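Note sheet for the following structure.
One is the number of the first residue; the rest follow in order along the sequence. Note that the coordinates shown come from a computational prediction; the quantities given were computed from them, not determined experimentally.
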Amino acid sequence: MKKIYFILKSILLSVFRFIFIFIDGGETCVVCGKKSNYYPICAKCQKERFSLKNVFDIPRCCHCGRELISTKESCFPCRSDEIKRHSDLCYSLFSYRLWNKELMFLWKQQEVRTLSFFFGNLIGKFLKEKGFKFIIPVPPRPGKISEKGWDQIEELCKILECFYGIKVFRILKRNTSKQQKKLNRTERLQTIGSAYSLQNQNVIKKELKKNKGVFPSEVCILDDVSTTGATLECCSKLIKEAFETKIIGITIFIVD
């Protein structure tokens with residue numbers, strides 16, 4: 001019932017949003033400045049700037065997802081940093097630059113929630129192409145949903161569940177209420193081991209019923225932006241030590 005409700009709600013909100021945009025004269029593309037229809041990025045720029053082909057074709061660091069400039073499996077910063085070792089693979093779809101920053105601002109700060117479907121569709125297609133079936137979302141800070149009424153990662157998860165058939169295990173919880181973006185690199189790295197933890201066993205058992213009570217041999221940890229890699233490392237460490245599974249980190253953007 002929850003899935004049906006979310007789908008119907010999404011369709012209804014999309015219709016209202018489309019009508020509002022049509023009356024208002026349409027969105028403006030953040031890349032080229034031309035008028036677009038539904039998203040604040042036109043169809044042409046979507047095709048040129050958000051093609052998944054580069055994500056599949058370009059070799060990337062297995063720990064952070066940055067584009068590799070050597071033949072090694074990991075980039076030099078990750079090879080030099082002993083902290084980043086618990087994820088087995090990592091995919092960061094796009095660089096956090098220029099118009100990508102603007103899109104994230106519109107999505108997270110201005111709450112242009114149609115972008116949830118734009119990003120959700122990109123991630124859904126990526127997951128399907130790679131054959132990934134299970135994700136664990138990075139949970140929001142305590143009080144965020146009650147304060148804002150939504151969380152962007154949770155909304156992505158609902159889209160992936162309802163429209164792509166991805167199984168979502170909500171088995172992590174966040175212990176700190178301070179926003180990660182307000183921490184510097186050293187402070188972020190110091191949060192490893194304390195910022196996140198596993199939910200209690202009852203919650204975990206309930207979530208695992210989605211997969212007949214069995215923890216999958218391969219899971220993806222989903223977040224929006226990778227800055228230092230501290231969040232991914234903290235979550236990967238928890239999951240790896242508890243379940244000894246293969247972990248793939250996935251973020252929409254990476255600060256490089």
Side-chain angles (χ1 to χ4, degrees), residues 52 54-68 70-94 120 122-139 153-154 156-157 159-161 164-174 189 191-193 195-199 201 203-254:
L52 290 175
N54 290 337
V55 181
F56 297 127
D57 293 347
I58 295 175
R60 294 176 180 274
C61 173
C62 62
H63 294 300
C64 71
R66 290 183 176 88
E67 182 178 345
L68 287 174
S70 70
T71 57
K72 297 183 182 296
E73 292 184 353
S74 59
C75 65
F76 179 75
C78 286
R79 294 199 304 273
S80 304
D81 190 348
E82 291 297 327
I83 291 176
K84 301 175 182 177
R85 287 294 181 268
H86 287 84
S87 59
D88 298 287
L89 287 173
C90 190
Y91 295 94
S92 295
L93 305 189
F94 308 102
L122 286 171
I123 295 171
K125 291 175 183 177
F126 173 79
L127 293 174
K128 285 294 186 181
E129 181 69 25
K130 298 296 292 185
F132 299 145
K133 300 177 181 179
F134 307 97
I135 62 172
I136 297 174
V138 172
I153 299 301
E154 175 59 23
L156 288 179
C157 287
I159 292 168
L160 295 172
E161 283 179 312
Y164 290 90
I166 302 298
K167 289 183 172 62
V168 179
F169 299 134
R170 298 170 177 84
I171 62 173
L172 294 175
K173 63 180 178 180
R174 184 166 169 176
L189 294 176
T191 65
I192 292 177
Y196 299 90
S197 60
L198 291 172
Q199 294 279 9
Q201 285 300 312
V203 173
I204 293 175
K205 287 180 180 179
K206 182 180 178 181
E207 289 295 297
L208 291 184
K209 286 181 180 179
K210 300 172 184 177
N211 194 41
K212 299 179 180 180
V214 178
F215 198 89
S217 59
E218 177 181 86
V219 294
C220 301
I221 296 178
L222 177 65
D223 203 3
D224 52 5
V225 180
S226 175
T227 303
T228 63
T231 296
L232 177 61
E233 168 56 22
C234 182
C235 296
S236 297
K237 186 174 186 293
L238 286 168
I239 301 301
K240 178 78 77 172
E241 292 179 350
F243 301 103
E244 296 184 359
T245 188
K246 182 178 181 180
I247 296 173
I248 300 97
I250 297 178
T251 65
I252 304 171
F253 297 115
I254 185 168

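Within the 4.5 Å cutoff, no side-chain heavy atoms of I247 are placed close to those of H86. Contact of the I123 side chain with the I135 side chain is not registered, since no non-hydrogen atoms from C-beta on lie closer than 4.5 Å. L198 places a side-chain heavy atom less than 4.5 Å from the side chain of L172. At least one side-chain heavy atom of D223 sits less than 4.5 Å from a side-chain heavy atom of I153. The shortest distance between side-chain heavy atoms of C220 and K130 does not fall below 4.5 Å. Inter-residue side-chain proximity for L89 and R60 is flagged as unmet; no heavy-atom pair is nearer than 4.5 Å. Within the 4.5 Å cutoff, the side chain of L52 has heavy atoms near those of the K125 side chain. In this structure the side chain of C90 reaches within 4.5 angstrom of the side chain of L232, judged on heavy atoms.
Surrounding NZ of K210 are more than 12 heavy atoms belonging to other residues, nucleotides or ligands, all under 6.0 Å away. Shown here is E244, whose CD atom has no more than 12 heavy atoms of other residues, nucleotides or ligands within 6.0 Å.
Rounded to the nearest 0.5 angstrom, E233 CD and S87 OG are separated by 7.0 Å. Taken to the nearest 0.5 Å, the NZ atom of K173 stands 11.0 Å off from the CG atom of L238. Atom-to-atom distance recorded for K206:NZ and Q201:CD is 15.0 Å, nearest 0.5 angstrom. Interatomic distance, I252 CD1 to S226 OG, rounded to the nearest 0.5 Å: 12.0 Å. Rounding to the nearest 0.5 angstrom, the gap separating the CG atom in D224 from the CD1 atom in I254 is 12.5 Å. Rounded to the nearest 0.5 Å, atoms CD1 (I250) and CD1 (I221) are 10.0 Å apart.
V219 and I239 get closest at one heavy-atom pair: CG2-CG2, 4.2 Å. The minimum heavy-atom distance between T251 and S92, with the atom names listed, is OG1-OG, 2.8 Å. Among all heavy-atom pairs drawn from C75 and C61, the shortest one is N-SG, 3.3 Å.
Looking at L160, I136, V168, I166 one by one, the single match for side-chain contact (heavy atoms from CB on, under 4.5 Å) with L222 turns out to be L160.
Side chain of E207 to backbone of R170: a donor-acceptor contact under 3.5 angstrom is found.
Ring planes of F243 and F215: parallel class, angle under 30° (limits at 30 and 60°).
In terms of the ring pair (Phe, Tyr, Trp, His ring centres under 6.0 Å) criterion, residue partners of F169 (sequence neighbours excluded) are, by chain and number, F134. Not counting sequence neighbours, the partners of D88 by the side-chain hydrogen bond (donor to acceptor under 3.5 Å, both in side chains) test are K240.
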ask   = Under the side-chain contact (heavy atoms from CB on, under 4.5 Å) criterion, do L127 and Y164 qualify, and how do the steps go?
value = CA-CA 9 Å; L127 293 174; Y164 290 90; over 6 Å; no
